Amino acid sequence: MARYNAKETEQRWQAEWTRRNCFAAPNTSDKPKAYVLEMFPYPSGKIHMGHVRNYTMGDVIARFRRAQGFNVLHPMGWDAFGLPAENAAREKGVDPREWTYANIAAMRDQLKMMGLAIDWSREFATCDPEYYAQQQKLFIEFYNAGLVYRSEADVNWDPVDQTVLANEQVIEGRGWRSGALVERRKLSQWFFKITAFSDDLLKGLDTLDRWPEKVRLMQKNWIGRSEGLRFTFTLIDARKLEVFTTRPDTLFGASFVALSPDHPLTEELSARDPKLKAFVEECRRVGTAEEAIEKAEKKGFDTGLTATHPFDANWKLPVYVANFVLMGYGTGAIFGCPAHDQRDLDFARKYNLSVTPVVVPEDADPKTFAVGDEAYTGPGKLANSRFLDGLDVESAKREVATRLEAQGIGERTVNYRLRDWLVSRQRPWGCPIPMVHCEKCGVVPATDLPVKLPEKLVFDTRGNPLDHDPVWKHTTCPKCGGKAVRDTDTLDTFVDSSWYFARFTDPHASEPLTRAACDYWLPVDQYIGGIEHAILHLLYSRFFTRGLHKLGHVGLDEPFAGLFTQGMVCHETYKNQNGEWVLPEEIEKRDGKAFLKGTNVEATIGSSEKMSKSKKNVIAPETIIDVYGADTIRWFMLSDTPPERDIEWTEEGAEGCWRFVQRIWRLVTESENIAPPGTKIENAQGASLDLRRATHRAIAAVTDDLAALRFNRAVARIYELANAIGAADKADGAARREALEALVLLIGPMMPHLAESAWESLGHKTLVVDTPFPKADAALTESTSVTIAVQVNGKLRGTIEVTKDMSEDAIKQMALALDGVTRVLEGKTPRRVIVVPGRIVNVVA
RNA sequence: GCCCCUGUGGCGGAAUGGUAGACGCGGCAGACUCAAAAUCUGUUGUUGGCGACAACGUGCUGGUUCAAGUCCGGCCAGGGGCACCA
């Protein structure tokens, strides 16, 4: 029999599935539904290994559920707006629309080569006017429902390019193209009121029991609910200043008050003080990224003002403007207690402010306890705090709150770290914000929907092309008919991806969503994507779904019932003798060393890292599919490495997968003694019974493993079954047929093309995609006896074979009679013998 | 800086608190072959021993337990996110 020809075979089965329209999902069915979705790709132009891994996993689940009798929705689309198209336009002079759609066409072809079980009739791109027009309707609905508002916000401003920069375009505080020092600049922009759902988004996390614990934890911390106290300082000029603290207990350890550089009071003061103004400008040069702000050296500016301690009219605290105080959190002003907050401590040491410990550990002496370079944030008793001395932290918090509330200057509040979602982008390749600015009427929702992007985007100017397109920009007011201009900003692309999963349920409807389709398909039963989306995309989608619920478009709050976050695909890195990165395809390996192909020039092998263009450690999926076929690359992605962890691509591993493809093909086509299809199995004995047991154990294990997305374990079980079949020469034809058919159906979701060919070769006229997943016979998966370990003091000394109904005492006697046990005991009587039925015996000597 | 995760043979990894290393890759030995490839069989944590076997072994360190890769505390290293990359 010839070797398995993946290339021809895969095309043949893909054509057959398409011809039969196997993967179309009807919007009504008697079957239970399953919505399986992978995060849709950005159309960069080529699929990469990360896509292959993601879509293979989703495809396995989709095919598995389908084989289990579900009506499966498994769609594909394109997250098609974004910066890269604009960059391509500026760098290569291409039209972003043409560039994007050409990329989509290329990537669609590549995805189809993978043999994915996708309902392609539901495909759309977020840059299709058909999609973003619906999104504009939703934006206006959110606006009318009070979930969208306009406010000032900071952006990164490149003073040379006269352009707003994304955080990734700010490199060490400078614009990536101009190299100019970046400034923060205030613009009037649109926000989604995600904070209206802070508490709801937090509580909802508890219901997501099929989400990874770590993602729920990250979201919880991101929302950042904290109970604290807002209270007011009186400044020396009688002005009031409100601060927020989660540690009111440390009020007697206060040594300064600090304002954010963006605080209104700072702005007022800097108008009169050029030095303060310069300091604020310096702070603003850090950009808007929180990481940069937090990592910057703690700096402050003494305003000369003082604040009066709320419990002591004679106690004056200096008021600073400090670069680490964020305007977006709390009130944008704090009191600093250096002994019990690391940032405050760093600040106090720099400016020689006092450090008074007011919470000391239970076992420490309040008189001698001192704080060095590390703030003390643990529990303890209050000290140096007058009426609070001796109290524990929680009681002291309550006491301070009660007293300040009684004085009428404080209020217990719940504060969230979560900020409202800024969605305005000064970018041309996005969904236009459907708003009009009228000189008379102010901001008015557009009525001439959809507001389409101009046919031609011109990139010869600085800034946003939409802002420089007079024909597109100028319009009339929908209210008064007077002169007006369009909002020239576009929506954050996270808006596009916040509801696409719902649109897939009826992707070509004339309204944004069809309630019946959403009610049938939502929530997404299994969502799969990268861990890098653990917070933003998933949180925004959860918010958007709540908004859609409020507006009556959907009947639920949580869009994704099950979430799985996959690891990245990594590869070794190579550098030539000049220290430049070298592509894997330019390398050949000999004796564990790497050489530039066809030469004796050695290259250095670097660490394995996430595949990226910048490090040139990429392997193109299409070349692998070309050599080995889609089934091999799919099998690789599922084998060995747990799906949530990073996987390393290796040539050896790929070859191993290819050999397994061939091995299955040989098992099926070269096996002798296979009973004809449909043969009944009766009274299997000996080798036949052993094979049947192996078969049914494999079915049970693979079923469990696939349901739990433990693909690597399912793969191992399938190898075991293949080994068992290969070794079962003495089994009869009926048992061999049963085992081979099970093997083929078990690999069906993972290597669908090979499975179809093998199924056909076994004499079937049907397709594997139309065949139910095999079911394990419980009578064959249970065993009557078990080998258990015998330990002495926790150390293994032998094993015994026991039957299920054996008494604990009998097991104990067997264990104590073991050579290994008697040798170690040396005739002594054990102090204790622990018998865990079916597991272990531990003799404590 | 803050939040979260990961760490087990030469490599990827397996292991409801209960026989550490299933399964795969690689290596070694053998079979087939004129030879090679492919394939098949055996073997493969480290150290000592002819051997039965023994000791050690899951990043480091301390603890809980009859029993710890697994639970708890403290470290170290690598990775993801930090609100305008998607």
Side-chain angles (χ1 to χ4, degrees), chain A residues 3 39 41-42 44 79 81-84 87 155-156 164-170 194 212-215 217-222 224 288-296 298 324 328 342-343 346 417-427 492-494 496-497 530-537 539-540 565 567-568 570 592 607 609-610 639-642 644-648 650 652-653 655-657 659-660 662-663 666 712-713 715-720 723 726 787-799 819-820 823 831-834 836 838-845:
Chain A
R3 299 191 88 198
M39 291 179 184
Y42 178 79
S44 59
D79 188 13
F81 277 133
L83 262 183
N87 292 337
V155 294
N156 297 309
V164 175
L165 298 176
N167 279 339
E168 81 159 1
Q169 298 173 319
V170 179
I194 187 170
E213 182 57 34
K214 64 171 171 178
V215 175
L217 192 56
M218 278 191 268
Q219 292 220 351
K220 183 182 170 216
N221 290 336
W222 186 260
T288 60
E290 187 170 312
E291 184 193 0
I293 295 169
E294 291 265 349
K295 268 192 182 165
K298 311 278 173 288
F324 62 91
Q342 193 59 44
R343 286 182 306 185
D346 295 345
R417 208 185 75 96
L418 184 66
R419 306 199 296 261
D420 276 335
W421 176 14
L422 168 59
V423 293
S424 296
R425 297 291 180 272
Q426 296 70 41
R427 300 281 160 202
D492 180 4
T493 56
F494 274 125
D496 309 340
S497 56
I531 183 68
E532 67 273 19
H533 292 293
I535 296 176
L536 293 180
H537 161 60
L539 191 62
Y540 291 149
T565 55
M568 299 177 303
C570 300
S607 60
E609 297 188 43
K610 179 186 176 172
S639 301
D640 295 352
T641 304
E644 69 277 10
R645 236 187 274 180
D646 290 352
I647 192 172
E648 169 150 343
T650 63
E652 295 83 4
E655 274 170 20
C657 293
R659 282 201 296 272
F660 187 62
Q662 295 298 344
R663 191 167 150 219
R666 279 196 313 274
N712 57 320
R713 298 205 330 198
V715 164
R717 296 287 90 84
I718 286 169
Y719 274 115
E720 282 176 349
N723 289 343
T787 308
I788 69 170
V790 179
Q791 300 180 331
V792 177
N793 291 335
K795 236 180 233 277
L796 182 70
R797 295 296 171 185
T799 58
D819 278 355
R823 199 181 324 127
R831 284 195 288 150
R832 224 175 125 186
V833 179
I834 291 153
V836 184
R839 289 264 165 219
I840 204 162
V841 178
N842 192 11
V843 180
V844 185

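Heavy atoms only: backbone and side chains are in, while hydrogens, waters and symmetry mates are out. Predicted, not measured: the structure shown is a model, and the values here were computed from it. Just so we're on the same page: letters track the sequence lines, and every chain starts at 1.
- Of the side-chain N and O atoms in Thr493(A), one or more sit less than 4.0 angstrom from OP1 or OP2 of rA86(B).
- At the heavy-atom level, Thr787(A) lies under 4.0 Å from base atoms of the strands shown.
- Both Gly82(A) and Ser639(A) lie close to RNA chain B; mapped to their nearest nucleotides by heavy-atom distance, the more 5′-ward contact belongs to Ser639(A).
- Donor-acceptor pairing under 3.5 Å is lacking for the side chains of Thr641(A) and Asp646(A).
- Nucleotides of RNA chain B nearest to Gly726(A) and Arg823(A) differ in position, and the one nearer the 5' end is that of Gly726(A).
- Between rG10(B) and rC2(B), the distance separating the two P atoms is 36 Å to the nearest Å.
- Looking at Lys214(A) and Glu644(A), no side-chain N of the basic residue comes within less than 4.0 Å of a carboxylate O on the acidic one, giving no salt bridge.
- Interatomic distance, Glu609(A) CD to Glu648(A) CD, rounded to the nearest 0.5 Å: 11.0 Å.
- The residue Val836(A) sits close to a base: some heavy atom pair falls under 4.0 Å.
- Side chain to side chain, Arg831(A) and Asn793(A) fail the donor-acceptor criterion of an N or O pair below 3.5 Å.
- Heavy atoms of Arg659(A) sit under 4.0 angstrom from primed sugar atoms or phosphate atoms, though from no base atom.
- Nearest heavy-atom pair, Val715(A) versus Ser639(A), reported as atom, atom and distance to 0.1 Å: CG1-OG, 3.6 Å.
- The interatomic distance linking Leu796(A) (CG) with rU19(B) (C1') rounds to 5 Å, in whole Å.
- Whole-Å rounding puts the Asp640(A) CG to rG12(B) P distance at 10 Å.
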Discussion item. Walk along nucleotides 68-84 of chain B from 5' to 3' and tag each nucleotide B, S or - by protein heavy-atom contact under 4.0 Å, base first, then sugar-phosphate.
Written reply: ------------BSBBB

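- Taking Tyr540(A) as the reference, Trp421(A), Phe494(A) meet the ring-ring contact (aromatic ring centres under 6.0 Å, His included) condition, with sequence neighbours excluded.
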